[in-house]
Each structure stands twice: as structure tokens, then as C-alpha cells.
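To start, the structure under review is shown below, and the notes come after it.
Computation of the quantities below employed the complete heavy-atom set of this structure, encompassing side-chain atoms and omitting hydrogens, waters and symmetry-equivalent molecules. Residue numbering restarts at 1 for every chain, and letters A, B, ... go by the order of the sequence lines.
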Protein chains: 2
Amino acid sequence: MELNRTTYVILGMLRLGRHTGYEIKSLVDVSTRFFWAASYGQIYPELARLEELGLIEGEDDASDGRRRRAYSLTGAGEAALTEWLTSDDPLHLELRHEGVLKLFFSDALPPREQLAQLRRLRAEHERIAGQLRAIEPEARAGCERDGVRFPYLTLEWGIAYEDFQVEWCKRTERRLAEEIQTAAERG
Amino acid sequence: MELNRTTYVILGMLRLGRHTGYEIKSLVDVSTRFFWAASYGQIYPELARLEELGLIEGEDDASDGRRRRAYSLTGAGEAALTEWLTSDDPLHLELRHEGVLKLFFSDALPPREQLAQLRRLRAEHERIAGQLRAIEPEARAGCERDGVRFPYLTLEWGIAYEDFQVEWCKRTERRLAEEIQTAAERG
DNA sequence: GGCGTCATGTAATACGTTACATGATTAC
DNA sequence: GTAATCATGTAACGTATTACATGACGCC
């Protein structure tokens, strides 16, 4: 059936309710974006393909003058989603982290710059942690309102992850700063 | 000058010493791969381009019968690398984590399957942590031998990151298991 | 002689983002 | 009336992987 991985964001979002492509993109942007992004350029063609495969069903609606097509899961779509959720195929894990890459090559820098770079890295993770905390109250409310808990759980995961990064940076900053201090006293 | 981000892996690796494209790929595969991958399809064309830009210098060598071209950094290349290392342009941060995506949609599953999925996620991170710990002794030795410490530091980061994931999974598994238990006693 | 490694390179493919075109509605 | 939002769609571009072709060396 040649399902790619963007497929499942769409199927998963549609399982939570009938939605348009535009809505799916908005949902992704406030939820899975931090660990799984998707753009219009992927979503719209994929919706067409999934409908052709019979995994989703679209219905046109222009009742309020806005042309729109909302999709819902078919039985086959629900089955495909569950199949994916319960399969133990190897997970796609990918990390691209320019900050850590810079750190990798930081022997080229003088100690003060090394520290400065670490602080920038920390600031970045603090910023993201802040973003996540800002949406936390709404996510919690949504969780209690809809009886859907796992989206909230993954937000908790995101916050814990960013906090881990921040703490690691702080520890490493302290280590580096101490060494610079010691070197200065000896030198 | 239109430098993309694969550029800097190459410049950085060449700062550590004169290398062929093949060697750069091997180095990436045992070091930055976990937070910054690169393939032959990127490396070889980029080496040609960087030489044309005057950031690196290649020299042919077939002394042992094997045709090969080893590159080293030029002054301009070193400057470009330092410029990147010290700049505070926004960092490229990207995470694609199919396991967390599955978790996000796990309200669709019965509790037993939710737990099973979490265990799979943990197993995956335990596997990677194991891989990283396996290369740790060699990295530590290399660190002490060459006086280059930051590559080792990023390996420590990788291990800490994978350990964080494992611990988060364990905590969450316990929470879920308790709830299932409680529900069973009430039901 | 054959397998693994060293070594270069590219073509085909897949994946993903950005930017734009289009046009309606809603809120100020 | 105009800016923001809702809504669809795609073309161009950039990024990255896979797979293959090619060929030599070193070890068993």
C-alpha cells in the first residue's frame, strides 16, 4: 500500500475528528510539530492519495461560502492506523542539532567562546521550553475536556526533554568555567 | 558564499586533519551521525564545491596504487569555520521521532498496547545508549591522546540524552501500569 | 580466487519547505 | 476598507538517501 510516514500524522489527526487539510496543518503546528512536522506541500497531495486508497473519505462543503473539503477515517483507515500503532517495525528516529554539532568542533575556539556557545545553546532550549510551557495549560484543559490524554503526555515529554537539555548545558557550563578558573590561577 | 550546513561538518572534520571524502564519511558515521548525518551524495559534490570556493585544498595521491584525493583547510576555510562556530545565527534544530508520534496517537489503543508501545520505545533508546557506550572507551582514549575534548563531550551528551529517554519511559510506564491496576481493582 | 575494505563518483529517487496564486469570510 | 484568517493547491527549490558503477589493495 506504500504508506509513508506523513500518512500517519494525517490518519491520526482524522481519528480525533473530521478535519480539512488546513485544520490538520494547524493541529500539527501546535502539537506534533516539535517531533514531527508537516507542510501543506505534503498534506494536500497525501490527502488526495489516501482518499484514492480508500483510507479516508472527503466531503465537499461550501455552506458558508468557503469552499472546503473535510475528511474522515474509513474502516480501512482506522485499521491502517492501528496496524501502524501496534507494529514493531524499526522506529524512524532522526535528530539534527546544529548546536551540538558546533560543540563537537569547539576545540577550535578559545575557552571564553566555548562557554559563550554553550550559553547560546542553553538559551535556545530555554526558549523552546518556554514555548511549550505556554501551551501547556490549554493542552491540559483539552486533555480533561476530551478524555484524550496522550497528546498531553507527549507535551510533558517535550518539556522534560527541553529541561534535560537546559540542565545538561548548565552542568557543562559549570565544568568548563571551573577549568578556566583553575587554568587562570595556575597560569 | 552560500554555505549550507553540510559544509561545516566537512570543514570541521578537515580542521582535525587532512582527510579524503571516504574518511570524512567514516568519521561522521562514528561520531556526529547521531545528531548530524551526511552521505556520500552530499560529501563528494560538496568537497568539489568547497575547493572551488577556496575553502579547502585537495591533493591527488596514488602512491599505493589507490587513487585518492585528500583535502586540507585553507586559511579562508578556517576563517569560515570559526565564523560559523562563533556566530549566533538561529540554530537548526530538528527532531523526527516516530516513537513519540505513535505515543501522541495512543489514545486509540487499549491500555495493554499502550504499555507495550512504551516498552518498545524504551528498548529502542536502550539500544542506542548501548551503542554509544560501546564506542565510549575509544572516544575517551582518543580524547586523551589528541587533546581534543569536545567530540568526547558530545558523546557524553548523547549518552545522557538516551538515558533521559529511557528514564522518562520507565517513569511513564510506571504511571500507566498503576492506573491500569487501579482501574482493574475498581472495575 | 574471493571477500572485505579503501576510494570516488553520480543518477534516480524520495522527502520536505517555501512561496506564491487564488478567493472567500470575518473582525476591526 | 483593509487586514487577518480560512481554505486549497502546486511549482520551484533545496536537501538527503540509496543504489549502483568502477576499480585497486590486502588478507586468508
Measure [atom1]/[X] against [atom2]/[N] and give the value in whole Å, please.
| X | N | atom1 | atom2 | result |
| --- | --- | --- | --- | --- |
| A/Tyr40 | C/dT22 | OH | P | 18 Å |
| A/Asp61 | D/dT8 | CG | C1' | 14 Å |
| B/Glu59 | C/dT8 | CD | P | 14 Å |
| A/Arg68 | C/dT22 | CZ | C1' | 17 Å |
| B/Arg69 | C/dT8 | CZ | C1' | 12 Å |
| B/Ile24 | C/dA7 | CD1 | C1' | 13 Å |
| A/Asn4 | D/dA16 | CG | P | 19 Å |
| A/Arg33 | C/dT17 | CZ | P | 12 Å |

Does A/Trp168 have its ring centroid less than 6.0 Å away from the ring centroid of A/Phe164?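 Centroid distance A/Trp168-A/Phe164: not below 6.0 Å, so no.
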Does [N] have its OP1 or OP2 closer than 4.0 Å to a side-chain nitrogen or oxygen of [X]?
| X | N | answer |
| --- | --- | --- |
| B/Tyr22 | C/dC6 | yes |
| B/Arg96 | C/dG16 | yes |
| B/Tyr44 | C/dT8 | yes |
| A/Arg67 | D/dT8 | no |

Roughly how far, to the nearest 0.5 Å, is the CZ atom of B/Arg120 from the CD atom of B/Glu113?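 Nearest 0.5 Å value for the CD-CZ distance: 6.0 Å.
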Looking at OH of B/Tyr152 and CG of A/Asp107, how far apart are the two atoms once the value is rounded to the nearest 0.5 Å?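 Taking OH in B/Tyr152 and CG in A/Asp107, the distance rounds to 14.0 Å.
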DNA chain D: A/Gln42 or B/Trp36, which has the more 5' nearest nucleotide?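 That would be A/Gln42.
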Taking the nucleotide of DNA chain C with the closest heavy atom to each, which residue, B/Glu23 or B/Gly41, is nearer the 5' end?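 The residue mapped nearer the 5' terminus is B/Glu23.
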Whether the side chain of A/Glu98 engages the backbone of B/Leu91 through a donor-acceptor N/O pair (distance < 3.5 Å, no angle test) should be reported.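 Judged by distance alone, no pair lies under 3.5 Å.
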Under-4.0 Å salt bridge between A/Glu57 and A/Arg69: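 Salt bridge between A/Glu57 and A/Arg69, a charged N being under 4.0 Å from a carboxylate O: no.
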Quiz item: A/Arg66 side-chain donor-acceptor pair to C/dT25 base, under 3.5 Å: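 In this structure, the two groups form a donor-acceptor pair.
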By the 4.0 Å heavy-atom rule, please label B/Thr20 as base, sugar-phosphate, or nothing.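 Counting heavy atoms under 4.0 Å across all strands, the contact made by B/Thr20 is with sugar-phosphate only.
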When all nucleic acid strands are considered with a 4.0 Å heavy-atom cut-off, which category describes A/Ser26: base, sugar-phosphate, or nothing?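 Nothing, no heavy atom under 4.0 Å.
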